[in-house]
Amino acid sequence: MALPVYASPLERIWYYAYRIICALIFLFLIAPILIIIPLSFNVEPYFTFTEKMLALDPDGYSLRWYDTLLTFGMANPEAPRTSSWWMDVWNNAAWVRAAKNSVIIGVSSTVVATVLGTIAALGLSRPEMPFRRAIMAILISPMIVPIIITATGLFFFYSATGLAGSYVGVVLAHATLGIPFVIITVTATLIGFDKSLTRAAASLGASPTTTFFKVTMPLILPGVVSGALFAFVTSFDEVVVVLFVAAHDQQTIPRQMWNGIREQISPAILSVATILVIISVALLATVELLRRRSERLRGITN
């Protein structure tokens, strides 16, 4: 919003001061990320800027730590980079295995969280639903309760049910953490949903299933996809629950980073962090685009 021409001097001062304050807050929040990205290209095995880096000397920068993500844990990292070398990377490289586990667990838990969260949101949006507030509080409690408490409870529950150390247990645990995000985003989308559309579809002879997939789902799809993206990011970045319920060979990227910090501090961790930042920014940008599309479909914005 532009500053009006009739604004008083005090209003003009606040107009610019407010933007400067917001810029400083944004810089404070983004500064750790801005530091990590150039450090991931450091040619030296240090977590500090070298003299060559500060002088912007190309010799001070390298992709060696990104290459380490492929070679660490390989059986023969010095072999020629033929098809057998890439097969060695796929099967043995520690970071690649962790990435595969993160994607498999993340996608699986996202599907479970999206389906269950959407169903829950549809039920909670109905005015005749009894104890709606109590049920909503219980369903979103995993994002309110400290994660260490949730992880401890899951550990004892899984130990009693035999799910500890299994992929199914990790997927269900991550789905538990992702469901609240799906419920919140889908519920927010349903607030502006015109229920007369479903009544009109029913009056024209559409079955409840047809009405849901032809009328309801297309309109709430941006909220569903946004919730799914948040659930995926939650699973992809989660480490505490994995430490409690996953087996030793079920290394995810955050757990591999945790092990790297404890056992062998390497700037390769910064390379992984940079890649995760890029992925997170891309997903958040997608969520924002979907939010704007949802508002346009509901007639909130032009």
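Along the sequence shown, the residues carry numbers beginning at 1. Below, each value reflects all heavy atoms present in this structure, side chains not excepted, and no hydrogens, waters or symmetry copies.
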Does atom CZ of F155 have more than 12 heavy-atom neighbours from other groups under 6.0 Å away? no
For residues 170-181, which side-chain donor-acceptor pairs fall under 3.5 Å, sequence neighbours excluded?
from: H174; atom 1: ND1; to: S235; atom 2: OG; distance (Å): 2.7
from: H174; atom 1: NE2; to: E238; atom 2: OE1; distance (Å): 3.4
from: T176; atom 1: OG1; to: L172; atom 2: O; distance (Å): 2.8

Sequence neighbours excluded, the answer for salt bridge (charged side-chain N to carboxylate O under 4.0 Å, His left out) partners of D67 is R81
Which residues share a side-chain contact (heavy atoms from CB on, under 4.5 Å) with Y18, sequence neighbours left out: W14, C22
Pairs satisfying side-chain hydrogen bond (donor to acceptor under 3.5 Å, both in side chains), at least one member in residues 153-166, at least two apart: none
Using a side-chain heavy atom cutoff under 4.5 Å and only I, L, V, M, F, W and Y, what cluster partners does L24 have? I20
For residues 225-234, tabulate all N or O donor-acceptor pairs below 3.5 Å that involve a side-chain atom, not counting sequence neighbours.
from: S226; atom 1: OG; to: P222; atom 2: O; distance (Å): 2.8
from: T234; atom 1: OG1; to: F230; atom 2: O; distance (Å): 2.8

Kindly give the cluster partners of L204, where membership spreads through any ILVMFWY side chain lying under 4.5 Å from a current member. none
Check whether Y15 forms a cation-pi arrangement with R19 (NZ or CZ under 6.0 Å from the six-membered ring centre, at most 45° off the ring normal). yes
Contacts of type salt bridge (charged side-chain N to carboxylate O under 4.0 Å, His left out), residue R64, not counting sequence neighbours: none
Cluster membership besides L10, Ile/Leu/Val/Met/Phe/Trp/Tyr side chains within less than 4.5 angstrom, sorted by chain and number, is none
Mind checking what makes side-chain contact (heavy atoms from CB on, under 4.5 Å) contact with A202, not counting sequence neighbours? none
Applying salt bridge (charged side-chain N to carboxylate O under 4.0 Å, His left out), name anything that partners R126, two or more places apart in sequence or on another chain. E128
Only residue of F41, W95, Y61, F72 satisfying ring-ring contact (aromatic ring centres under 6.0 Å, His included) with Y66 is F41
Using links of under 4.5 Å between side-chain heavy atoms of ILVMFWY residues, direct or through other members, which residues join M87 in one cluster? none
